Enquirer: 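Mind looking over this structure? Questions follow.
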There are 2 protein chains.
Amino acid sequence: MLISVDFNSETPIYEQLKEQIVMGIASGALKPGEQLPSIRQMAEDLGVNLHTINKAYNQLKADGILTVDRRKGAVVNALTGPATLQQKDEIRKKLKPILARAICFGLSKNEIEDLCNDLYHEITGGNHE
Amino acid sequence: MLISVDFNSETPIYEQLKEQIVMGIASGALKPGEQLPSIRQMAEDLGVNLHTINKAYNQLKADGILTVDRRKGAVVNALTGPATLQQKDEIRKKLKPILARAICFGLSKNEIEDLCNDLYHEITGGNHE
DNA sequence: CTTTTGTTATATTTGTTATATAACAATTCA
DNA sequence: TGAATTGTTATATAACAAATATAACAAAAG
């Protein structure tokens, strides 16, 4: 998994990290049980501070996406089952203002459906059944 | 259009404002040509600073969603046609990390489709054909 | 003529992001 | 066992964004 950081981006570095790790898992590039570089290693590779990596890892840990212990470092979790109600609700809350904006821009229902399908396939690339 | 602000929210006040105005337009509660309260009026109503409202209005102006001049204040724009490529691309970029997260949580393609359709109807509520 | 409008400018406070160090206990490895 | 590496925690600092407080201006409305 290649991870890169854009220092000129509006999105915080630790958010960029989270997004790329999540993208890696969703695409299948990162599989359950797979191990991420140590926070110090990753920090050195990307040229950022140790705490920035730590923040990203720990937020993903709080999300249940990573497990991080002192022995194996950060490890990708396996799915524990179907998404919880809280998880679905979080996605819903994040999606809503973006869809409203899309509608504002004049996107039709079909265009939104197509866009979501396109993105789904762009992300999974054939994996995830 | 009733607008409210959560001072404890993670999302900045001016972002909350933008989201609610966009939601109002997408739902049909705000129609093209309709006029929003002046920045000072809105600031007083919500108990926030004039500049916070100004920032929200001006960013929506930059998005082409509002027109704001000295005579009529902030006015909702009519759709100028189908969404531009830049607009579609912006929606795409914002949607992608959220969909990746949904997939990470174990949401299936169908669940994502259903969620988007649900939200579409929840937002438009029967309007927008 | 007074009031209200959007606009612009400056200054200040607060919270977030990111960095720089430093230390600690637990674990790994030679 | 001893050295190195791990995640964790703490503190201090710099840079930036968000929000507020004032103030002033020209344009438009009443």
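So that the names make sense, note that chain A is the first sequence line, chain B the second, and so on, each numbered from 1. As the structure is a computational prediction, the values presented were derived from the model and not from experiment.
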Enquirer: Is a side-chain N or O of B/Gln16 found less than 3.5 angstrom from the main chain of B/Thr11, in a donor-acceptor match?
Expert: yes

Enquirer: Heavy atoms from C-beta onward define the side chain here; which of C/dT8, C/dA20, D/dT8 lies closest to that of A/Lys61?
Expert: D/dT8

Enquirer: Whether B/Thr52 contacts D/dA18 is assessed here as follows: a side-chain N or O lying under 4.0 Å from the phosphate OP1 or OP2. Is that the case?
Expert: no

Enquirer: As a test of understanding, state which of A/Thr52, A/Leu17, A/Ile21 forms a side chain to side chain contact (heavy atoms under 4.5 Å, CB included) with A/Tyr57.
Expert: A/Ile21

Enquirer: Looking at five pairs on each end of the helix from C/dC1-D/dG30 to C/dA30-D/dT1, what is the angle between the two axes, given to 10 degrees?
Expert: 30°

Enquirer: Do you know the tightest heavy-atom contact between A/Ala56 and A/Tyr14?
Expert: CB-O, 3.6 Å

Enquirer: B/Met42 CE to C/dG6 P: how many Å, rounded?
Expert: 11 Å

Enquirer: Please list, in numerical order, the residues of residues 7-16 of chain A that have a heavy atom closer than 4.0 Å to any atom of DNA chain D.
Expert: none

Enquirer: Roughly, in whole Å, what's the span from NZ in A/Lys55 to P in D/dT9?
Expert: 15 Å

Enquirer: Measuring to OP1 and OP2 of C/dT4, would you say a side-chain N or O of B/Ser38 lies under 4.0 angstrom away?
Expert: no

Enquirer: Whole angstroms only, please: what is the CD1-P distance between A/Ile39 and C/dT21?
Expert: 17 Å

Enquirer: So do A/Ile91 and B/Arg101 actually touch side chain to side chain, heavy atoms under 4.5 Å?
Expert: yes

Enquirer: Show the nearest heavy-atom pair for residues A/Asp69 and A/Lys72, with the distance to one decimal.
Expert: OD1-N, 3.3 Å

Enquirer: Can you tell me how far P of C/dT19 sits from CZ of A/Arg40, to the nearest Å?
Expert: 15 Å

Enquirer: Nearest 0.5 angstrom please: B/Ile25 CD1 to A/Phe105 CZ, how far?
Expert: 10.0 Å

Enquirer: Looking at A/Glu44 and A/Arg40, is there a salt bridge between them, counting it only when a charged N and a carboxylate O are closer than 4.0 Å?
Expert: no

Enquirer: Let's see if you get this right: which residues in residues 65-73 of chain B place a heavy atom under 4.0 Å from DNA chain C?
Expert: B/Val68, B/Asp69, B/Arg70, B/Gly73

Enquirer: Which heavy atom of B/Leu46 sits nearest to which heavy atom of B/Ile3, and what is that distance?
Expert: CD2-O, 3.2 Å

Enquirer: Give me the atom names and distance for the closest heavy-atom approach of A/Ala26 to B/Cys104.
Expert: N-SG, 4.3 Å

Enquirer: So does A/Asn54 get a side-chain nitrogen or oxygen closer than 4.0 Å to the phosphate oxygens (OP1/OP2) of D/dG7?
Expert: no

Enquirer: Check the distance between C/dT7's P and B/His51's NE2 and give it to me in whole angstrom.
Expert: 11 Å

Enquirer: Could you state the atom-to-atom distance from CD1 of A/Ile53 to C1' of D/dT8 in whole Å?
Expert: 15 Å

Enquirer: Between atom CG in A/Asn49 and atom P in D/dT11, what is the gap in whole Å?
Expert: 17 Å

Enquirer: From A/Lys55 NZ over to A/Asn49 CG, what is the distance, rounded to the nearest 0.5 angstrom?
Expert: 11.5 Å

Enquirer: Should the pair A/Lys96-B/Glu122 be classified as a salt bridge under the 4.0 Å nitrogen-to-oxygen rule?
Expert: yes

Enquirer: Just verifying a value: how many Å separate B/Leu95 CG and B/Lys88 NZ, rounded to the nearest 0.5 Å?
Expert: 13.5 Å

Enquirer: Within this structure, what is the CD-to-P distance between B/Gln41 and C/dT4, rounded to whole angstrom?
Expert: 10 Å

